[in-house]
Amino acid sequence: MRLRAMNTVSGESRLMDTEELRAYTNLGRNNAMKLGEEIGAKVKVGKRVLWDRVKIDQYLNELTGA
């Protein structure tokens with residue numbers, strides 16, 4: 001399996017991979033993926049699965065009332 005090169009672009013990108021989603025939400029892999037799928041933040045690009053940070057932020061803002 002090939003290792004994926006890390007992105008060195010400064011700032012936050014809109015899409016994140018599953019490991020970034022886990023760190024962003026402080027959830028385990030299964031719960032983070034379940035949350036992302038339930039709120040419609042899942043984006044497939046070829047075989048890659050990425051998660052939309054804007055949709056996740058909107059959901060969390062609605063959840064917390066911020």
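Here, residue 1 is the first one in the sequence, and each next residue gets the next number. This structure is a prediction, so every number in the text was calculated from the model and none was measured.
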4.5 Å side-chain heavy-atom contact, M16 and L50 = no
note = Rounded to the nearest 0.5 angstrom, the CG-OG1 distance for N30 and T18 is 10.5 Å
List, one per line, each side-chain donor-acceptor pair under 3.5 Å for residues 59-66, sequence neighbours excluded.
{"unit_1": "N61", "atom_1": "ND2", "unit_2": "D57", "atom_2": "O", "d": "3.3"}
{"unit_1": "T64", "atom_1": "OG1", "unit_2": "L60", "atom_2": "O", "d": "2.9"}

request  = Using a 4.5 Å cut-off on heavy atoms from C-beta on, say whether the side chain of M33 contacts that of W51.
outcome  = yes
Report, one line per pair, each donor and acceptor closer than 3.5 Å where one atom sits in a side chain of residues 34-49; sequence neighbours left out.
{"unit_1": "E37", "atom_1": "OE2", "unit_2": "K42", "atom_2": "NZ", "d": "3.4"}

task = Check G28 against R22 and note the closest heavy-atom contact, atom names and distance.
result = C-NE, 3.8 Å
query = Does any N or O in the side chain of R53 come within less than 3.5 Å of the main-chain N or O of S13, such that one atom is a donor and the other an acceptor?
reply = yes
inquiry  = Quick check for you: to the nearest 0.5 Å, what is the distance between D52 atom CG and R14 atom CZ?
reply    = 4.0 Å
message = To the nearest 0.5 Å, what is the distance between CG on N31 and OG1 on T25?
response = 8.5 Å
